[in-house]
Structures are given as structure tokens and as C-alpha cells.
Colleague: 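Structure in C-alpha cells, see below.
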Amino acid sequence: MSAKKLYIATFGCQMNEYDSLKMAQLLQNEYVTVKGPEEADLVLVNTCSIREKAEHKLYSLVGRFRDLKSARPGLIIGVGGCVAQQEGERLLKGLPFLDIVFGPQGLYGLPDMIKAIEGGEGPICATGLGRDFAIPFIKGPLPEKRPVRAFVTIMQGCDNFCTYCVVPYVRGRETSRPPGDILAEAASLVDQGVKEITLLGQNVNSYGGKGGEGIGFAGLIKMVSQVPGLARLRFTTSHPKDLGIDVMECFRDVPNLGRHLHLPVQSGSDKVLGRMHRHYTRGEYLEKVRRLRDICPDITLTTDIITGFPGETDEDFSETLKLLKEVEFEQIFAFKYSPRPFTKAAGFKDRIPEDVKARRLNTILELQNNISLKRHEALCGANMDVLIEGPSKADPLELLGRTSGNHAVNLPGPKGLIGRMVTVRIEKAFCHSLRGSLV
Ligand code: SAH
Ligand code: SF4
Ligand code: F3S
């Protein structure tokens, strides 16, 4: 193995985590991945543009990398991901010490681009977005030995154009990966010790359109679930408008599918949902939740909420609070609306002041903490199947695992249980986790 060192900083969603892993795999013949930038020969930053705050993380990091490069002029610095795609050449002009700017599609050309830079070429910008881009199948060992969990991207891009969202502009048009590639990648991960796979896409329910060879998402779930040795399968994200009965029934019929669904609702107000171009009403969303719970009574639900979307009144906001009380999600991810480049809503004139957005966000989080705690307390005394992922974050001498419904559980136990499915008796509930002991 060569002595050259690669450091990757990853921001944003699970797709970016997947993409960063692919970068490491693409480059592993030349570079070993290291945990910090100090000694690296190559630094790659995988960026996110979903909200302004996410975009700022790039700019707060680059100063540090510029200093590293002044000290070591041979250092190669590349910026990839969604901010790179959004900014393109502008990023190279603004940050002239960068060597490579590449988008989510451009990352597959990294080995050639790095060779070109090493050969003395000037900065490279690879941010073209092909309409018919097909995700290449990158084979090879994982940089980390025997990880318990892994992601498999099943589709690229998004065609939904929700009016607040930058993703369709930075990830391009929706294309499904061929089922054969997905299955082969899943099987190879399980061979390398992976116990839990999460299928990734911006809207997995529409899997099977362009590039999918006709099998729908429910068919894909069933196919991947049968990989021998796979303890658990999950997927994210589901768009409510495309969630069909066939996928709901998988939660009843596929034994190793985790009983958890992340179903972003964004708002409880029909007026706001309409202006977001979400293509479902509050009533339709609630009806899907009712059917899901009919089919699989122990399913846990989580969601995303945006507060202070342009034009959101106090009444609209109270509709969202009412929906949270009605559904009782296990957990929510709530964000203040952030205007994004290229998007339709960025041009809406009826913006909500920052302090109102922030107040609404706090109200939501406070309400949800009570709901989460109440739902978690109802699990105390139960015995649950927990897949042990690794050491607990709070106390490295303890273990962290997850239930089928995706609750994080901390428990005392030996490291040898990592990667094993064990029965845990739940003893204590918190807002964001559970505590228990081995049965
Ligand atoms: N494809 C997924 C979500 C992708 S982005 C879906 O359709 O649900 C993850 C979350 O970020 C979104 O669900 C939304 O709640 C939030 N988000 C996206 N754009 C945002 C913006 N401009 N401001 C605030 N939150 C945003
Ligand atoms: Fe963004 Fe909407 Fe596509 Fe999700 S479905 S990625 S929120 S445009
Ligand atoms: Fe961020 Fe791009 Fe994911 S904008 S949320 S990294 S698709």
C-alpha cells in the first residue's frame, strides 16, 4: 500500500456519506484514508447546500485548508458535493488555492483529475450535469473493516422540484440504478460483514422509473431483503405522495425490514403544502399514516418540518402543531426555512422574519420532546431486538444499538456483541434514546 494520505470531510445527508465512501474506494489504490487533514496529501470536502448554514460550513473550513497549503504547497485540495455543483467555476475564482471542484456526478472522474493535477495541470472544474447520468458500480473493499451499517444508493437526483429545495438543481434528474447493481453491491457489503443496509434515494417510492428495469420499489425491497446474512434493511427518503400500499405492506410481510418509516410532511397546512408543491394535502397524509398503522401497528414514524416558509401564518403554524399531536411521531427533524439559489420560493415576497421562524422552531421542538418522551416511556419494560452498532457515544465502555423501529438504545455489554442482534429489556426512556440491559 502507498504512503499517500487522503482526508475527506463530509457534510450533509446520507447520500453524501455514501458518495464519500465511493471517493475513498475509487482512490484506495493510491491513498489510505486518515482521520485528520494535518498530514494529508489530498483533502476532499464533500459539501451540502440544503440550507444556508450548511453551505457556510465549507467557507468556515477553507481558511484552515488554505493555511495547510501555504505550509505544504504539494497538498491537493478538492471541493465536491452540492455546493460545488451549485457554485462551479465561481468557487475556483473565489478560492484560487483549490485544485478541483466536482459535483456529485463528477466524483467518479476523481482518479483522472488527481493524476492531471499531480502532472502539473491547473485547476479543474467538473460540474457538468448529464440528463442520463448512470451511477457507476464501484467495487472493492471498504476502507473500514467490518462496519455494521452501510448505505446503498438506489437512485440519483430528484424530479419533484419542491419550491424550497435546491436538490433537483444540484443532483440533477431522477434516475434509478439497475436492480442487478443494487443487489450485487448489497451482497458484497454483507460479505464484508455489514449487517444493516439502508437504501438511499431522494424519493425511493418512485424507484423503477428511468433506469430501474420495471421492478418497483416494493419489488426491490423484497429482492434486497433476501440477501443471505442481512440482519436488517431500511430505506430513506419516502415522499408521501408516492407511498403506495405495496410498500406499506412490506412492513408487514418482509421480516428483516426495520419497522420505521421516515415520511417528511414539511407542514400541516394545506395552503403551505400547496405553495411548497408537495402534491398532497394534510388529509391525504393523515390517511396514509392511518393505513400504515392498520397494516403494521408497531411501526414508528419520523418526519421533517420546515418552520417559517414564506406566507406561513400563525394559523398555518398551528395546523402543523395539531398534526404533530395527531400523528405522534417518534422523532422529528425541524428546520427554519432558508431561501436557496435557483428555487421558486426564494422569489416569494412574503418572507417570515427570522425571530418568528426561530420562535416557531422552538415551539415545535418543545412539543415534540414531550411526545417523544411519552412514546419512549411506553416502551419501558418491553423486551426488544437490538442490533448492536458499536460503542455508545456518551460512554465508550457501553454499547449503542438500534431497535427495529430505529430507537437508539444504550446498554452495558461486551464489545464482542458488536454486529450481533440481541434481546434488550428497556429500562429508561429519554427524548432521543432508550436505556436497557441484556436479557
Ligand atoms: N428528499 C427528501 C428530503 C431531502 S432534504 C424529501 O423529499 O423529503 C431534507 C430536509 O431538509 C427536507 O425534508 C426539508 O425538511 C429540509 N429542507 C430542504 N430544503 C430546505 C430549505 N430551503 N430550508 C429549510 N429546510 C429545508
Ligand atoms: Fe427536495 Fe422535494 Fe426532491 Fe425531497 S422531493 S429532494 S424535498 S425537491
Ligand atoms: Fe445536502 Fe446535497 Fe444531501 S444539498 S442534503 S448533500 S443532496
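All values below were derived from every heavy atom in this structure, side-chain atoms included, with hydrogens, water molecules and symmetry-related copies excluded. Both ligands and their constituent atoms are indexed starting at 1 by order of listing.
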Colleague: With the threshold set at under 4.0 angstrom, would you say Arg278 reaches ligand 2 through any of its heavy atoms?
Modeller: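 Right, Arg278 reaches ligand 2.
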Colleague: Number the atoms of ligand 1 from 1 as they appear, then name those within less than 4.0 Å of a heavy atom of Arg278, with their elements.
Modeller: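 Those atoms are 7 (O).
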Colleague: Looking at ligand 1, is there an atom of it that comes within less than 4.0 Å of some heavy atom belonging to Asn203?
Modeller: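 False for this residue.
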Colleague: Starting from atom 3 (Fe) of ligand 3, locate the nearest protein heavy atom and write down its residue, its atom name and how far away it is, to 0.1 Å.
Modeller: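 Result: Cys13 SG, 2.3 Å.
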Colleague: Is the Lys NZ or Arg CZ of Lys57 less than 6.0 Å from the centre of Tyr59's six-membered ring, within 45° of the axis?
Modeller: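 No, Lys57 and Tyr59 do not form such a contact.
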Colleague: Are Glu38 and Lys5 within salt-bridge range, i.e. N to O under 4.0 Å?
Modeller: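 Not counted as a salt bridge, because no side-chain N and carboxylate O are separated by less than 4.0 Å.
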Colleague: Quick one: look up the protein heavy atom nearest atom 22 (N) of ligand 1 and list residue, atom name and how far away it is.
Modeller: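 For atom 22 (N) of ligand 1, the nearest protein heavy atom comes out as Ser338 O, 2.7 Å.
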Colleague: What part of Tyr164 sits under 4.0 Å from ligand 1 if we count only heavy atoms: the side chain, the backbone, both or neither?
Modeller: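 The answer is both, backbone and side chain.
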Colleague: Which protein heavy atom lies closest to atom 4 (S) of ligand 3, and at what distance to 0.1 Å?
Modeller: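 The closest one turns out to be Ser49 N, 3.3 Å.
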Colleague: Lys336 heavy atoms, cut-off 4.0 Å: which ligand 1 atoms fall inside?
Modeller: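 Atoms satisfying the 4.0 Å criterion: 23 (N), 24 (C).
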Colleague: So does Val83 get a backbone contact from the side chain of Thr47, meaning a donor-acceptor N/O pair under 3.5 Å?
Modeller: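 Yes, because the side chain of Thr47 sits within donor-acceptor range (under 3.5 Å) of the backbone of Val83.
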Colleague: Using a 4.0 Å heavy-atom cut-off, which part of Pro264 comes near ligand 1: side chain, backbone, both, or neither?
Modeller: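 Only the side chain of Pro264 comes within reach of ligand 1.
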Colleague: Starting from atom 2 (Fe) of ligand 3, locate the nearest protein heavy atom and write down its residue, its atom name and how far away it is, to 0.1 Å.
Modeller: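 Ranked first by proximity to atom 2 (Fe) of ligand 3 is Cys82 SG, 2.2 Å.
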Colleague: What part of Tyr164, side chain from CB on, backbone N/CA/C/O, both or neither, has a heavy atom under 4.0 Å from ligand 2?
Modeller: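 Side chain only; the backbone of Tyr164 stays clear of ligand 2.
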Colleague: So for Gly81, does at least one of its heavy atoms come nearer than 4.0 angstrom to any atom of ligand 3?
Modeller: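 Not so, Gly81 does not reach ligand 3.
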Colleague: Counting each atom of ligand 2 from 1 as listed, which ones have a heavy atom of Pro168 under 4.0 Å away?
Modeller: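 Reading through ligand 2 atom by atom, the close ones are 8 (S).
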Colleague: When you measure from atom 9 (C) of ligand 1 to every protein heavy atom, which one gives the shortest distance, and what is it?
Modeller: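 Looking only at protein heavy atoms, the one closest to atom 9 (C) of ligand 1 is Asp304 OD2, 3.8 Å.
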Colleague: Which residue in the set Thr237, Asp242, Asp159 passes side-chain hydrogen bond (donor to acceptor under 3.5 Å, both in side chains) when paired with Asn203?
Modeller: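 Testing Asn203 for a side-chain hydrogen bond (donor to acceptor under 3.5 Å, both in side chains) against Thr237, Asp242, Asp159 leaves exactly one candidate, Asp242.
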Colleague: Heavy atoms only, cut-off 4.0 Å: how does Val166 contact ligand 1, side chain, backbone, both, or neither?
Modeller: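 Looking at Val166 and ligand 1, no heavy atom falls under 4.0 Å.
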Colleague: Does only the side chain of Lys357 get under 4.0 Å from ligand 1, or the backbone, or both, or neither? Count heavy atoms.
Modeller: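 Within the 4.0 Å criterion, Lys357 makes no contact with ligand 1.
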Colleague: Name the closest protein heavy atom to atom 1 (Fe) of ligand 3, giving the residue it belongs to and the distance to 0.1 Å.
Modeller: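 The closest heavy atom on the protein side is Cys48 SG, 2.3 Å.
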Colleague: Can a donor-acceptor pair be found, under 3.5 Å and without considering hydrogens, that links the side chain of Arg259 to the backbone of Cys296?
Modeller: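 Flag not set: sc Arg259 to bb Cys296 has no pair under 3.5 Å.
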Colleague: Of the backbone atoms (N, CA, C, O) and the side-chain heavy atoms from C-beta on, which set of Gln266 has a member under 4.0 Å from an atom of ligand 1: side chain, backbone, both, or neither?
Modeller: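 Under 4.0 Å from ligand 1, Gln266 contributes side-chain atoms alone.
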Colleague: Out of curiosity, is Met15 lining ligand 3, as in a heavy atom under 4.0 Å away?
Modeller: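 Judged by the 4.0 Å heavy-atom criterion, Met15 does not count as contacting ligand 3.
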Colleague: For Asp99, is there an ion pair with Lys69 - N to carboxylate O distance below 4.0 angstrom?
Modeller: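 Looking at Asp99 together with Lys69, the answer is yes, because their closest N to O distance falls below 4.0 Å.
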Colleague: Would you check if atom 1 (Fe) of ligand 2 lies under 2.8 Å from any N, O or S atom of Cys165?
Modeller: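 Of the N, O and S atoms in Cys165, at least one lies under 2.8 Å from atom 1 (Fe) of ligand 2, which means yes.
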Colleague: Verify the distance criterion only: is there a donor paired with an acceptor across the side chains of Ser20 and Asn46 at less than 3.5 Å?
Modeller: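 Asn46 and Ser20 do have a side-chain donor-acceptor pair below 3.5 Å.
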Colleague: Can you pull out the closest protein heavy atom to atom 16 (C) of ligand 1? Residue, atom name and distance to 0.1 Å, please.
Modeller: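 Heavy-atom neighbour on the protein nearest atom 16 (C) of ligand 1: Arg51 NH1, 3.3 Å.
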Colleague: Under the side-chain contact (heavy atoms from CB on, under 4.5 Å) rule, what do Leu220 and Phe235 come out as? Steps first, then yes or no, please.
Modeller: CA-CA 11 Å; Leu220 185 75; Phe235 60 83; over 6 Å; no
Colleague: Using a 4.0 Å heavy-atom cut-off, say whether Gln202 meets ligand 1 through its side chain, its backbone, both or neither.
Modeller: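 The answer is both, backbone and side chain.
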Colleague: For atom 8 (S) of ligand 2, what's the nearest protein heavy atom and its distance?
Modeller: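 Looking only at protein heavy atoms, the one closest to atom 8 (S) of ligand 2 is Cys162 N, 3.4 Å.
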Colleague: Checking contacts here: is it the side chain or the backbone of Gln202 that comes within 4.0 Å of ligand 3, counting heavy atoms only? Could be both or neither.
Modeller: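 For Gln202, only side-chain atoms sit under 4.0 Å from ligand 3.
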